Amino acid sequence: MLAELLAAWISRQRWFGGKGRPIDQLSIDSDVELTPGLRHLIVAVWQDDSRDRYQLLLGERTELPDRLNHALIATIDDIYLYDAAHDPDRTGWLLEGMAHDETRSGLRMRHVPGVEIDTSPRSLVLGAEQSNTSLVYGDAYICKLFRRLIPGINPELEIITTLAARNAPHIAQPYGWIETDLDGTDTTLAFMQEFLSNANDGWDLALASVRDLYASMPEVSAAEAGGDFAAESERLGIATARVHRELAASFPTDVVESHEVKRMAEAFRRRLGRAVAEVPELRQHVGALEDAYHQVEQLTNEVFVQRVHGDYHLGQVMRTPTDWVVLDFEGEPGQPLAERRALSSPLRDVAGMLRSFDYAARHLLAGHPEAAELEPRAQEWADRNRGTFLDGYVAGGGRINRGDAALLRAFELAKAVYEVVYEARNRPTWLPIPLAAFRPR
Ligand SMILES: Nc1ncnc2c1ncn2[C@@H]1O[C@H](COP(=O)(O)OP(=O)(O)O)[C@@H](O)[C@H]1O
Ligand SMILES: O=P(O)(O)O[C@H]1O[C@H](CO)[C@@H](O[C@H]2O[C@H](CO)[C@@H](O)[C@H](O)[C@H]2O)[C@H](O)[C@H]1O
């Protein structure tokens, strides 16, 4: 009975990766009591013969305070079962566990050597629950509970702890993590780092700039607008190049010989094939995409590859009073771990951010009564910030060569294909934004 109730509940969660497909079955793989009133569950969700596993913190109470009503999952035998990630009376237990390196019922809670964890702050779930659930403790820490579990060490934990040990700039200090065995492999369940309380999300800052441009009367160019974002885009380019340099210095790198570059084009094509099957709107753009991928096959230069961010966009960077900080090095949610840890061209991240400038420029157009008149201004804002970001990247020592244009374009288009699927599944009204990327330029 609990399994059926969980299936209905999980399908409505923003972080559930299997949206758009019915759940055939949900089974409870593990269910352990962490402390009275708090259970840790790993559930397996079966859809079309594929299985994904998710973790949840299940709270139990005989009375449910109003503030937890939104987290209610079900009532069984007069016991309220709810998502305890939303209950600060329960989540303090995780902080204590990491502070004291506790192991309970197979869950290993650990802190980064040399740091101290203050166990007094209470948690709040961050409003923007996306692929995961983040708990903010006071204004000190942010602990991300990975919802969909993939056996193995999460790339974010691996990368941030490695970069922090080198005192690399542009990252937030790591504090602790929680792990368990899944299929006999150490698997990260949660990762906690410094909460940047005095910082703004790059996406929000960019949107403020776009809004300012749209509202400026009489019409001014993006460069003349009071909220011009170009200096920030440039700084972000410089920070991105620095992070790429740190990643290249900390992890293995390689060079893909020109005759092997074909494989990259094949990967783009495989992704396109899957996406077209899911989102028919893509079909009319297949020709243009094939052309772009074909140009990659014709490349005669070798391609430098290294560890990269993997899902780089304006929502993954924050502006502190001093500089940009890069978050969320876990790659594209939903991709196999091996793919997320694989070496790739840093141009992939550059392309991701270029796409994000396009998103920021266009997102306010959907449903806007003056969308047609604003379109050229959106394009102008996107072009300006994409350009200054690239300038910053090159000035910061980022590797972009003359022969990279075709590869950068292909990465951008492949990212837009990914976004089409992401939007079709999660925010269908946003679908026109990535679809606009396939228009001829
Ligand atoms: N260290 C941090 N300090 C402050 N806010 C953060 C921090 N990490 C993440 N956030 C906020 O949480 C949002 C989502 O974080 P992210 O790591 O991208 O999670 P997800 O993987 O669920 O998308 C970010 O856009 C940012 O607003
Ligand atoms: O942040 P996540 O790791 O959860 O990334 C996923 O969600 C993102 C949306 O929140 C999605 O990003 C897309 O929308 C952004 C605006 O909301 C935009 O800035 C990005 O450029 C665009 O790709 C991301 O693709 C997805 O993996």
Side-chain angles (χ1 to χ4, degrees), residues 13-17 19 85 124-148 154-157 159-160 164 170-175 188 190-207 210 236 275 309-320 324-335 340 348-364 366 382 385-386 389 411-427 429-437:
Q13 303 312 301
R14 169 78 204 264
W15 41 260
F16 178 58
K19 282 197 218 61
L124 254 185
V125 168
L126 194 79
E129 227 179 333
Q130 300 189 334
S131 317
N132 302 295
T133 298
S134 292
L135 309 179
V136 177
Y137 288 93
D139 61 3
Y141 315 118
I142 178 164
C143 180
K144 194 194 284 192
L145 281 182
F146 297 109
R147 287 301 194 161
R148 184 165 161 237
N154 188 280
E156 185 166 16
L157 170 65
I159 287 181
I160 299 282
H170 307 298
I171 55 157
Q173 171 70 42
Y175 277 91
T188 317
F191 172 50
M192 186 166 85
Q193 65 182 154
E194 165 194 8
F195 180 64
L196 305 167
S197 56
N198 198 8
N200 290 296
D201 194 286
W203 173 251
D204 293 339
L205 291 174
L207 282 197
V210 175
L236 181 58
H309 182 282
D311 188 20
Y312 203 43
H313 60 80
L314 284 162
Q316 313 280 37
V317 290
M318 295 194 82
R319 180 70 160 93
T320 69
W324 287 99
V325 171
V326 178
L327 306 169
D328 201 7
F329 284 80
E330 56 165 337
E332 281 173 2
Q335 299 304 318
R340 287 156 50 183
R348 181 169 159 194
D349 289 344
V350 174
M353 194 54 80
L354 294 178
R355 288 285 316 122
S356 209
F357 286 118
D358 227 54
Y359 251 77
R362 290 180 191 285
H363 138 272
L364 298 172
N385 288 286
R386 287 162 57 97
F389 172 75
F411 270 122
E412 257 207 80
L413 291 172
K415 180 74 183 180
V417 169
Y418 166 84
E419 289 167 345
V420 163
V421 175
Y422 180 86
E423 300 304 354
R425 287 183 188 167
N426 296 286
R427 308 180 290 199
T429 55
W430 289 43
L431 196 50
I433 305 177
L435 283 173

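Note that ligands are numbered from 1 as they come in the structure, with each ligand's atoms numbered from 1 the same way. Just so we're clear, the structure is a prediction, and the values are computed from it rather than from any experiment. Every heavy atom of this structure was used, including side-chain atoms; hydrogens, water molecules and symmetry mates were not.
- Annotation for ligand 2: atoms under 4.0 Å from non-hydrogen atoms of Ser131 are 2 (P), 4 (O).
- Near Gly315, meaning under 4.0 Å from any of its heavy atoms, are these atoms of ligand 1: 24 (C), 25 (O).
- When non-hydrogen atoms are compared, ligand 1 lies under 4.0 Å from the side chain of Leu126 (C-beta onward) but not from its backbone.
- By heavy-atom distance, the residue among Ala360, Ser356, Gly202 lying nearest atom 18 (C) of ligand 2 is Ser356.
- For Tyr359, no nitrogen or oxygen atom sits less than 3.5 Å from a nitrogen or oxygen atom of ligand 2, counting backbone and side chain alike.
- Between Tyr359 and Pro434, the closest side-chain pair of non-hydrogen atoms falls below 4.5 Å.
- For atom 5 (N) of ligand 1, the choice among Arg147, Glu156, Gln173, Met318 with the nearest heavy atom turns out to be Met318.
- Not a single N or O atom of Phe195, backbone or side chain, sits closer than 3.5 Å to an N or O atom of ligand 1.
- Atoms of ligand 2 found under 4.0 Å from any heavy atom of Asp328 (numbered from 1 in listed order, with element): 3 (O).
- Considering every non-hydrogen atom in both Arg340 and Gly331, the closest pair reads CG-CA, 4.3 Å.
- Residue contacts with ligand 2: Trp430 is placed with no nitrogen or oxygen under 3.5 Å of a nitrogen or oxygen of the ligand (distance criterion only).
- Contact detail for Ser197 and Asp139: the closest heavy-atom pair is CB-CB, 3.7 Å.
- If you number the atoms of ligand 1 from 1 as listed, the ones under 4.0 Å from a heavy atom of Gln316 come out as 18 (O).
- When all heavy atoms of Ala437 and Leu413 are compared, the closest pair comes out as O-CD2, 3.8 Å.
- Distances from ligand 1 to the non-hydrogen atoms of Ser131 include at least one value under 4.0 Å.
- Near Ile142, meaning under 4.0 Å from one of its heavy atoms, ligand 1 places the atoms 1 (N), 2 (C), 6 (C), 7 (C), 8 (N), 9 (C), 10 (N).
- Nearest protein heavy-atom neighbour of atom 17 (O) of ligand 2: Arg427 NH1, 3.2 Å.
- Screening Gln335, Lys415, Arg348 for a side-chain hydrogen bond (donor to acceptor under 3.5 Å, both in side chains) involving Asp311 leaves a single residue, Lys415.
- Close contacts between ligand 1 and Glu330 involve ligand atoms 21 (O) [criterion: under 4.0 Å to a heavy atom].
- Shown in contact with Asp328 at under 4.0 Å from a heavy atom are these atoms of ligand 1, numbered in order with element: 16 (P), 17 (O), 18 (O), 19 (O), 20 (P), 21 (O), 23 (O).
- Atom 10 (O) of ligand 2 has Gln130 NE2, 3.3 Å as its closest protein atom, hydrogens excluded (heavy atom only).
- Contact detail for Asp349 and Tyr312: the closest heavy-atom pair is O-CD2, 3.4 Å.
- Annotation: Arg355 places no N or O atom under 3.5 Å from an N or O atom of ligand 2; distance criterion only.
- Within the 4.5 Å cutoff, side-chain heavy atoms of Ile160 are placed close to those of Gln193.
- Between Leu145 and Phe191 the shortest side-chain heavy-atom distance does not fall below 4.5 Å.
- Contact check for Arg355 versus His313: no side-chain heavy atoms found under the 4.5 Å cut-off.
- The shortest heavy-atom distance from Glu332 to ligand 2 is not under 4.0 Å.
- When heavy-atom distances to ligand 1 are checked against a 4.0 Å cut-off, Glu194 comes that close only through its backbone atoms N, CA, C and O.
- For the side chain to side chain contact (heavy atoms under 4.5 Å, CB included) test with Leu327, the passing option among Ile142, Asp201, Leu196, Val317 is Leu196; the others fail.
- Nearest to atom 27 (O) of ligand 2 by heavy atom, out of Tyr312, Trp203, Tyr422, Tyr418, is Tyr418.
- Contacts between Asn132 and ligand 1, counted as non-hydrogen atom pairs separated by less than 4.0 Å, involve both the backbone and the side chain.
- A donor-acceptor pair under 3.5 Å links the side-chain atoms of Glu194 to the main chain of Gln173, judged by distance alone.
- Closest heavy-atom approach to atom 24 (C) of ligand 2 among the candidates Glu156, Glu419, His313: His313.
- At a heavy-atom distance under 4.0 Å, only side-chain atoms of Asp201, from C-beta outward, approach ligand 1.
- Closest approach of Arg386 to Leu354, counting heavy atoms only: NH1-O, 3.1 Å.
- For the side chain to side chain contact (heavy atoms under 4.5 Å, CB included) test, residues two or more places apart in sequence or in another chain that qualify with Ala206 are Phe229, Leu314, Ala360, Trp381.
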task: Output, in order, the C-alpha distance, side-chain angles, deciding distance and verdict of ring-ring contact (aromatic ring centres under 6.0 Å, His included) for Phe195 and Tyr141.
output: CA-CA 4 Å; Phe195 180 64; Tyr141 315 118; 9.8 Å; no
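- In terms of polar-atom proximity, defined here as any N/O pair under 3.5 Å, Arg14 makes no such contact with ligand 2.
- Across all their heavy atoms, Gly17 and Arg425 have their closest contact at O-NH1, 4.2 Å.
- For ligand 2, the polar-atom distance check finds an N/O of Asp311 within less than 3.5 Å of one of the ligand's N/O atoms.
- Contacts between Asn426 and ligand 2 below 4.0 angstrom, taking non-hydrogen atoms only, are absent altogether.
- Contact annotation for Gln335 and ligand 2: no heavy atom of the residue comes within less than 4.0 Å of the ligand.
- Residue-ligand proximity: Ser134 is placed with every non-hydrogen atom at 4.0 Å or more from ligand 1.
- Side-chain contact between Leu126 and Leu135 is absent, with no heavy-atom pair separated by less than 4.5 Å.
- For the pair Val325/Gln316, no side-chain contact is recorded, criterion being any heavy-atom separation below 4.5 Å from C-beta on.
- The proximity of Gln316 to ligand 2, defined as any non-hydrogen pair under 4.0 Å, is limited to the side chain.
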